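As the structure is a prediction and not an experimental result, all values here were calculated from the model. Counting convention: from 1, in listed order, for ligands and their atoms alike.
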Amino acid sequence: MNIAENIKSFKAEIPEEVTLVAVSKTKPESDILEAYNAGQRIFGENKIQEMTEKWENLPKDIKWHMLGHVQRNKVKYMAEYVNLIHAVDSLKLLKEIEKQAKKYDRTIECLLQIKIAEEDTKYGIDVDEADSILQSQAYREMTHVKVVGLMGMATLTEKEEKIKKEFSYLKTTFDNFKSRYNSLHTLSMGMSGDYKIAIECGSTMIRVGSAIFGERNYN
Ligand SMILES: *Cc1c(COP(=O)(O)O)cnc(C)c1O
């Protein structure tokens, strides 16, 4: 894998209005630096502890995105620096983010994760739940948390039509929400295997790991 080359070719390939998140989970800091030196500044991780260690050691102009499911008791470890939390799935979690962000006098941007895949994944909420979070008095009174968009993951399948259907559904939902909540501007969908379809369907932020850094080894 030539990481610098991969970053450059992604930047050249994707439309200007689409943001690239380089997903560096499980990858060493040297890999991140290689991408950084090729101009990449946004990196995504899915474990708070791993992300925090990398934040401590790496250049401070990196924007760190939390992609994975967030346990409420761990929000405090990333509140000082996290830039965007992609997978918010409850008002309770937003309340905790609000509380921790306040300690650092920061505003943390979040996305609500909408369940769009057919697979019985544990994470993500449906459109009505997302709507009721955004409408709630509790959310509207928050001053250190801002929901700026939606995130979704399509079914892991070779069937392009199915992926397209799921992404299109999320895009329609996003447009509908955007017309009613004016803080929304980001639609995070698309990974290494399906980012092209996601962009076709209106994604504004893709999260790409293995196509940049190579396959992950979880051992
Ligand atoms: C790991 C991960 C990605 C990147 O996956 P690749 O297939 O390696 O591009 C994207 N989004 C989320 C939420 C992830 O956990």
Check: Evaluating non-hydrogen atoms only, which member of M66, H86, M191 is closest to atom 10 (C) of ligand 1?
Finding: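 Comparing heavy atoms across M66, H86, M191, the nearest one to atom 10 (C) of ligand 1 lies in M191.
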
Checklist line | Options H69, R216, M151, M189, ranked by nearest heavy atom to atom 13 (C) of ligand 1, top entry | finding: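 Considering heavy atoms of H69, R216, M151, M189, the nearest to atom 13 (C) of ligand 1 sits in M151.
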
Item checked: V208: numbered ligand 1 atoms lying under 4.0 Å from its heavy atoms ->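 Matching atoms, with element in brackets: 9 (O).
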
Next item on the list: Just jot down the ligand 1 atoms closer than 4.0 angstrom to any heavy atom of G209, in number order.
Entry: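 Result: 4 (C), 6 (P), 8 (O), 9 (O).
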
Which residue holds the protein heavy atom closest to [atom], what is that atom called, and what is the gap in Å?
atom: atom 11 (N) of ligand 1; value: R207 NE, 2.8 Å
atom: atom 2 (C) of ligand 1; value: K25 NZ, 2.5 Å
atom: atom 6 (P) of ligand 1; value: S192 OG, 3.5 Å

Check: Would one find more than 12 heavy atoms of other residues, nucleotides or ligands at under 6.0 Å from atom NZ of K159?
Finding: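 Open: at most 12 neighbouring heavy atoms sit under 6.0 Å from NZ of K159.
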
For [Y], is there any backbone N or O sitting under 3.5 Å from a side-chain donor or acceptor partner on [X]?
X: R41; Y: Y36; answer: yes
X: S183; Y: V147; answer: yes
X: R207; Y: S188; answer: yes
X: S203; Y: M189; answer: yes

Check: Hey, which of E45, H86, M51, E109 is the one that makes side chain to side chain contact (heavy atoms under 4.5 Å, CB included) with H65?
Finding: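 For H65, the side chain to side chain contact (heavy atoms under 4.5 Å, CB included) check succeeds only for H86.
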
